[in-house]
Number of protein chains: 2
Amino acid sequence: MKIKNQNIVIDGIDKKILRALMADARTPILEIARQVGISGAAIHQRLRKLEKSGLIDGSKFIINPKVLGYTTMAFVGVYLDKAVSNPEAVKQLRNIPEVIECHYTTGNWSIFIKMLAKDNEHLMHVLNKEIQSINGVSRTETFISLQQQIDRQIKI
Amino acid sequence: MKIKNQNIVIDGIDKKILRALMADARTPILEIARQVGISGAAIHQRLRKLEKSGLIDGSKFIINPKVLGYTTMAFVGVYLDKAVSNPEAVKQLRNIPEVIECHYTTGNWSIFIKMLAKDNEHLMHVLNKEIQSINGVSRTETFISLQQQIDRQIKI
DNA sequence: TTTGAAATCGGTTGACG
DNA sequence: CGTCAACCGATTTCAAA
């Protein structure tokens with residue numbers, strides 16, 4: 001991921017624009033303009049500046065996985081054999097749609113993942129049949145999220 | 001979080017709408033209409049149905065924390081004293097802006113968090129001064145994400 | 001559910017302080 | 001940086017099929 005500008009300076013108006021769009025990506029520019037008291041064209045210009053700086057990494061509709069039956073979230077620490085190339089394991093993990101995050105981490109695990117499953121049976125299937133069958137995976141440690149209490153972005 | 005309808009049925013057109021908006025929340029409805037070959041009004045109706053079902057949990061601009069200098073992501077397992085109320089600890093964690101996720105989890109930790117920091121010094125400060133000073137926190141275990149390889153939502 | 005049309009509103013640009 | 005004005009495209013609603 002390329003960072004185009006580390007020295008981006010954002011003022012109070014930029015913050016208001018970002019906060020509005022972080023809360024609802026479809027907030028009309030003109031509505032933001034009315035709220036902050038400058039013209040829509042000015043907001044538009046500032047948004048282009050913020051996009052060029054790389055600060056804005058796109059926008060997304062957020063899907064509630066529970067409505068699709070994915071009621072279980074789990075974190076999984078993965079131990080890999082020393083001889084195995086980690087990128088190959090990541091490539092395999094990418095093919096498992098239940099895996100929604102994957103990190104190389106410090107500590108005992110080689111790889112740390114966040115995943116979704118419909119229920120415990122489904123979770124067990126992904127762990128034992130999908131993840132464990134990846135070449136080089138020796139062992140996993142699983143932590144089920146009983147409840148997520150905080151989910152947010154960095155404060156602007 | 002209330003789920004209004006667990007038995008939502010989504011067809012191929014709904015999937016195309018969702019995929020377009022999951023990739024870019026500001027994709028014009030009329031552009032989606034052109035891509036899937038039905039009218040904008042029909043897309044509009046379907047979106048209202050999807051929103052009512054609870055499947056769509058809003059939309060967000062995604063901020064790249066690296067551009068703000070937050071180059072370090074870490075996962076922290078938190079041990080709480082048995083006597084302490086977990087909700088009180090979560091309340092304190094909510095006041096630490098660097099904490100971006102917080103879960104009650106199975107396993108040895110009471111609470112598991114994901115956090116951002118500008119560098120290792122900042123990380124240490126948050127761990128030792130902010131988190132450790134929360135009443136009931138006895139110990140933490142930290143895993144730094146060296147690199148995030150996968151970051152996505154559930155597949156539609 | 002879908003459409004087309006109508007009305008309203010938002011996005012985008014360019015010239016200019 | 002900011003405004004204004006103008007143009008064009010998007011959103012929203014509704015009657016009809």
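Each chain gets a letter, A, B and so on, in the order the sequences are listed, and its residues count up from 1.
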Review item, nucleotides 2-6 of chain D N/O atoms under 3.5 Å of protein N/O:
{"from": "D:dG2", "atom 1": "OP1", "to": "A:Arg46", "atom 2": "NH2", "distance (Å)": "2.8"}
{"from": "D:dG2", "atom 1": "OP2", "to": "A:Arg46", "atom 2": "NE", "distance (Å)": "2.7"}
{"from": "D:dG2", "atom 1": "OP2", "to": "A:Arg46", "atom 2": "NH2", "distance (Å)": "3.4"}
{"from": "D:dG2", "atom 1": "N7", "to": "A:Gln45", "atom 2": "OE1", "distance (Å)": "3.3"}
{"from": "D:dT3", "atom 1": "OP1", "to": "A:Ser39", "atom 2": "N", "distance (Å)": "3.1"}
{"from": "D:dT3", "atom 1": "OP2", "to": "A:Ser39", "atom 2": "N", "distance (Å)": "2.8"}
{"from": "D:dT3", "atom 1": "OP2", "to": "A:Ser39", "atom 2": "OG", "distance (Å)": "2.3"}

- Task: Starting at the 5' end of DNA chain D, write a dot or bracket for each base, bracketing those in Watson-Crick or G-U wobble pairs whose two distances are under 3.5 Å and using | for partners on another strand.
- Result: .||||||||||||||||
- Are A:His44 and A:Leu47 side-chain neighbours, meaning at least one heavy-atom pair lies under 4.5 Å?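 Not touching, per the 4.5 Å side-chain cut-off.
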- Message: Using side-chain heavy atoms (C-beta onward) and a distance below 4.5 Å, is A:Met22 in contact with A:Ile156?
- Response: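 Contact flag for A:Met22/A:Ile156 side chains = yes.
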Dump the pairs, protein N or O against N or O of nucleotides 9-11 of chain C, anything under 3.5 Å, distances to one decimal.
{"from": "C:dG10", "atom 1": "OP1", "to": "A:Arg34", "atom 2": "NH2", "distance (Å)": "3.3"}
{"from": "C:dG11", "atom 1": "OP1", "to": "A:Ile29", "atom 2": "N", "distance (Å)": "3.4"}
{"from": "C:dG11", "atom 1": "OP1", "to": "B:Arg26", "atom 2": "NH2", "distance (Å)": "2.6"}
{"from": "C:dG11", "atom 1": "OP2", "to": "A:Ile29", "atom 2": "N", "distance (Å)": "2.8"}
{"from": "C:dG11", "atom 1": "OP2", "to": "A:Leu30", "atom 2": "N", "distance (Å)": "3.2"}

Show every donor-acceptor pair shorter than 3.5 Å between a side-chain atom in residues 105-112 of chain B and any protein atom, with sequence neighbours excluded, or say none if there are none.
{"from": "B:Thr106", "atom 1": "OG1", "to": "A:Ile144", "atom 2": "N", "distance (Å)": "2.9"}
{"from": "B:Trp109", "atom 1": "NE1", "to": "B:Glu141", "atom 2": "OE1", "distance (Å)": "3.2"}
{"from": "B:Ser110", "atom 1": "OG", "to": "B:Leu80", "atom 2": "N", "distance (Å)": "3.3"}

- Message: Run the side chain to side chain contact (heavy atoms under 4.5 Å, CB included) test against A:Arg94 and tell me which residues pass, sequence neighbours left out.
- Response: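 Only A:Val90, B:Gln149, B:Ile150, B:Arg152 meet the side chain to side chain contact (heavy atoms under 4.5 Å, CB included) criterion with A:Arg94.
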- Message: Could you measure the distance from the CD1 atom of B:Ile63 to the CG atom of A:Leu55? Nearest 0.5 Å is fine.
- Response: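 These two atoms lie 5.0 Å from each other.
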- Message: For a quick test of reading the model, state the closest non-hydrogen atom pair linking A:Lys129 to A:Ser133 and the distance between them.
- Response: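 Looking at all heavy atoms of both residues, the shortest contact is O-OG, 2.8 Å.
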- Message: Looking at every heavy atom in both B:Gly40 and B:Leu30, which two are closest together, and how far apart are they?
- Response: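 Taking B:Gly40 first and B:Leu30 second, the nearest heavy atoms are CA-CD2, 3.9 Å.
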- Task: Kindly say whether the aromatic ring centers of B:His103 and A:Phe143 come within a distance under 6.0 Å.
- Result: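 No: the rings miss the under 6.0 Å criterion.
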- Message: Whether A:Glu98 and A:Lys114 form a salt bridge (side-chain N of Lys/Arg under 4.0 Å from carboxylate O of Asp/Glu) is what I want to check.
- Response: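 Salt bridge: no.
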- Which residue pairs satisfy the side chain to side chain donor-acceptor pair (under 3.5 Å) criterion with at least one member in residues 11-31 of chain B, sequence neighbours excluded?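 Applying side chain to side chain donor-acceptor pair (under 3.5 Å) to every pair that reaches into residues 11-31 of chain B, excluding sequence neighbours, yields A:Ser59-B:Asp24, B:Asp11-B:Arg46, B:Asp14-B:Arg46, B:Asp14-B:Lys49, B:Glu31-B:Gln35.
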